[in-house]
A.B. asks: 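Here it is, the structure, as structure tokens.
Along the sequence shown, residues are numbered consecutively beginning with 1. The basis for the numbers below is simple: all heavy atoms, side chains too, and nothing from hydrogens, waters or symmetry mates.
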Amino acid sequence: MLVLTRKLKEAIQIGDDIEITVLAIQGDQVKLGINAPKHVEIHRKEIYLAIQAENNAASHASKTSLERLNEQLKHWKGGKQS
């Protein structure tokens, strides 16, 4: 882990496209401003982890759910699956 010290209004540059600036310091909180391209997703760590957990859970469909879906698709196609 790289550890850097920055004062109010000082910035950190990440690559060519991302800049993080210290906007305010109040007690034990630091307010950061992040300039990044729109295609770069930026989340608080706890939100990022929650998104990852939801995506992981959604990707593990049960065998029963898949069998039901298969039966529905067979019915929808109006015949047996080849």
A.B. asks: Report the distance from atom CG of L73 to atom CG of L66, rounding to the nearest 0.5 Å.
C.D. replies: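 Reported value, rounded in 0.5 Å steps: 10.5 Å.
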A.B. asks: Taking the side chain as everything from C-beta on, heavy atoms only, tell me whether E19 gets closer than 4.5 Å to I34.
C.D. replies: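 Heavy-atom side-chain distance check fails, nothing below 4.5 Å.
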A.B. asks: Could you pull out all residues at least two apart from T64 that satisfy side-chain contact (heavy atoms from CB on, under 4.5 Å)?
C.D. replies: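 side-chain contact (heavy atoms from CB on, under 4.5 Å) check on T64 returns S62, R68.
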A.B. asks: Using atom types as modelled and distance alone, determine if a side-chain donor or acceptor of E67 lies under 3.5 Å from a backbone N or O of L69.
C.D. replies: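 Side chain of E67 to backbone of L69, a donor-acceptor pair under 3.5 Å: no, none is there.
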A.B. asks: Among pairs that include at least one residue of residues 42-56, which meet salt bridge (charged side-chain N to carboxylate O under 4.0 Å, His left out), considering only residues two or more places apart or in two chains?
C.D. replies: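 Residue pairs passing salt bridge (charged side-chain N to carboxylate O under 4.0 Å, His left out), neighbours aside: R44-E46.
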A.B. asks: Please check if Y48 and I18 belong to a single hydrophobic cluster, counting links between Ile, Leu, Val, Met, Phe, Trp and Tyr side chain heavy atoms closer than 4.5 Å.
C.D. replies: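 No; I18 is not reachable from Y48 via cluster members.
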A.B. asks: Applying the 4.5 Å side-chain criterion to the ILVMFWY set and letting contacts propagate, would V3 and I12 be lumped into a single cluster?
C.D. replies: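 They do not share one cluster, since no chain of ILVMFWY contacts under 4.5 Å joins V3 to I12.
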A.B. asks: Apply side-chain contact (heavy atoms from CB on, under 4.5 Å) to the pair Q52 and N56, showing each step before the final yes or no.
C.D. replies: CA-CA 6 Å; Q52 294 300 315; N56 190 34; over 6 Å; no
A.B. asks: Can you name the nearest heavy-atom pair linking D17 to Q13, along with the distance?
C.D. replies: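 Heavy atoms of D17 and Q13 come nearest at N-NE2, 4.1 Å.
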A.B. asks: Might you work through the salt bridge (charged side-chain N to carboxylate O under 4.0 Å, His left out) test for E10 and K7, ending with a clear yes or no?
C.D. replies: CA-CA 5 Å; E10 291 183 338; K7 294 180 182 177; 5.7 Å; no
A.B. asks: Distance-only check: which donor-acceptor pairs under 3.5 Å involve side-chain atoms of residues 20-33, not counting sequence neighbours?
C.D. replies:
none

